[in-house]
There are 2 protein chains.
Amino acid sequence: MTEIEKTLENHQVRPTAMRILIYKYLAEKEIAVALTDIESAFAKAERTTLYRTLKTFEEKKIVHQIDDGTGISKYALCESGCNCEIDQDLHLHFHCNNCNETVCLTEHKIPQIKVPDGFVSENVNLVVKGICDKCSGQ
Amino acid sequence: MTEIEKTLENHQVRPTAMRILIYKYLAEKEIAVALTDIESAFAKAERTTLYRTLKTFEEKKIVHQIDDGTGISKYALCESGCNCEIDQDLHLHFHCNNCNETVCLTEHKIPQIKVPDGFVSENVNLVVKGICDKCSGQ
DNA sequence: ATAACTAGTGCAACAGAAGTGCATTTATTG
DNA sequence: CAATAAATGCACTTCTGTTGCACTAGTTAT
Ligand SMILES: [Mn+2]
Ligand SMILES: [Mn+2]
Ligand SMILES: [Zn+2]
Ligand SMILES: [Zn+2]
């Protein structure tokens, strides 16, 4: 039993062939991926299967969904530092306006945000847009 | 010539009947509205016209687009405190998980966000989710 | 005022992403 | 092995956003 299989089972997800492949794909990519990315990577696989795999992964906290403002949902593997179960204290995300890639800045936590009286903050989505390290030439 | 007509012309937008109506609608609403909201409010009008009106308003800085994480673009009138032309120093937005409404918190500016070396921050989207003042009972 | 031009609108059609229902296959368990 | 549950494949739908094109209204030059 491989590491990946163990990880999946730890999250109550049965390690099917497709799921292992998708997990591997997500692990190799260092950026957040959209369903269409996975579709292109696994051209022979069914879209629905890929879609439902992502949904399962999300539900079981294997990945977290990222709304980077492009209108397309992206997903990235949760790491140890990823408290997305708590739905709070999340890291921020960076979207590059040049290469169009979105990355998790897991080391960068979202600061405390004040809201007006009467408003109750439950969680915060923060996306920084600009030029990523690869594109800034440095 | 009414106030609204003046405002539109100040932004180089010709004040047609439809545009005045939509502007009024946006001004009366205190929340961010989606295209579908406007569609329901003006059932007799063409969807495309409403769509293009919003796009024109956005381009001419009469409204700003809001990505509240629902996957549906919302729009709200720009106010004097709305520096959306500069694409920086923007106010934050609040999305209520209960009533599903999104409001501009124009008084609440987005704090300075640090990004890692090599990354260049151009602008920031910050959406707080939780319970709004109307729904929190206070 | 009329002609020429430009901007706005209405209608139809399209694209992309997301989601659902159902039959079929695969895996698990008694 | 039989019964059951989970996963997959296929088809189809919905929703949002977007574009092309013809027509109309409004603006400007002669
Ligand atoms: Mn992330
Ligand atoms: Mn706003
Ligand atoms: Zn980049
Ligand atoms: Zn509310």
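No hydrogens, no waters, no symmetry mates; every other heavy atom, side chains included, goes into these values. Below, chain A is the first sequence line, B the second, and so on; all start at residue 1.
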Send over the distance from E46(B) CD to dC21(D) P, rounded to a whole Å. 18 Å

Look at atom CD of E30(B) and say whether more than 12 heavy atoms of other residues, nucleotides or ligands are closer to it than 6.0 Å. no

Taking T49(A) for its side chain and A45(A) for its backbone only, find out whether a donor-acceptor pair lies under 3.5 Å. no

Whole angstrom value for the distance that separates P of dT18(D) from CG of L50(B): 15 Å

Heavy atoms, side chains only, cut-off 4.5 Å: are V127(A) and L92(A) in contact? no

Between K6(A) and E3(A), is there a side-chain N and carboxylate O pair less than 4.0 Å apart? yes

Figure out the CG/P separation between D67(A) and dT16(D), and round it to whole Å. 16 Å

Indicate yes or no for a side-chain donor-acceptor contact from E5(B) to the backbone of T2(B) under 3.5 Å, with no hydrogens or angles considered. yes

Does K24(A) use its side chain to pair, donor to acceptor, with the backbone of R19(A) at less than 3.5 Å? no

Going 5' to 3' through nucleotides 17-30 of chain C and flagging B where a protein heavy-atom sits under 4.0 Å of the base, S where only the sugar-phosphate is that close, and - otherwise, we get SBBBBB-----S--

Could you state the atom-to-atom distance from CZ of F42(A) to C1' of dG9(D) in whole Å? 17 Å

Atom pair distance, as rounded to whole Å: CZ in R19(B) and P in dA7(C): 11 Å

Between NZ of K134(B) and SG of C96(B), what distance do you get to the nearest 0.5 Å? 8.5 Å

Value in whole Å for how far the C1' atom of dT18(D) lies from CG of L54(B): 14 Å

Give a yes or no on whether K60(B) atom NZ has more than 12 heavy-atom contacts from other residues, nucleotides or ligands under 6.0 Å away. yes

Nucleotide dG10(C), atom C1' - distance to NZ of K44(B) in whole Å: 16 Å

Near DNA chain C, counting only heavy atoms under 4.0 Å, which residues of residues 20-30 of chain B show up? none

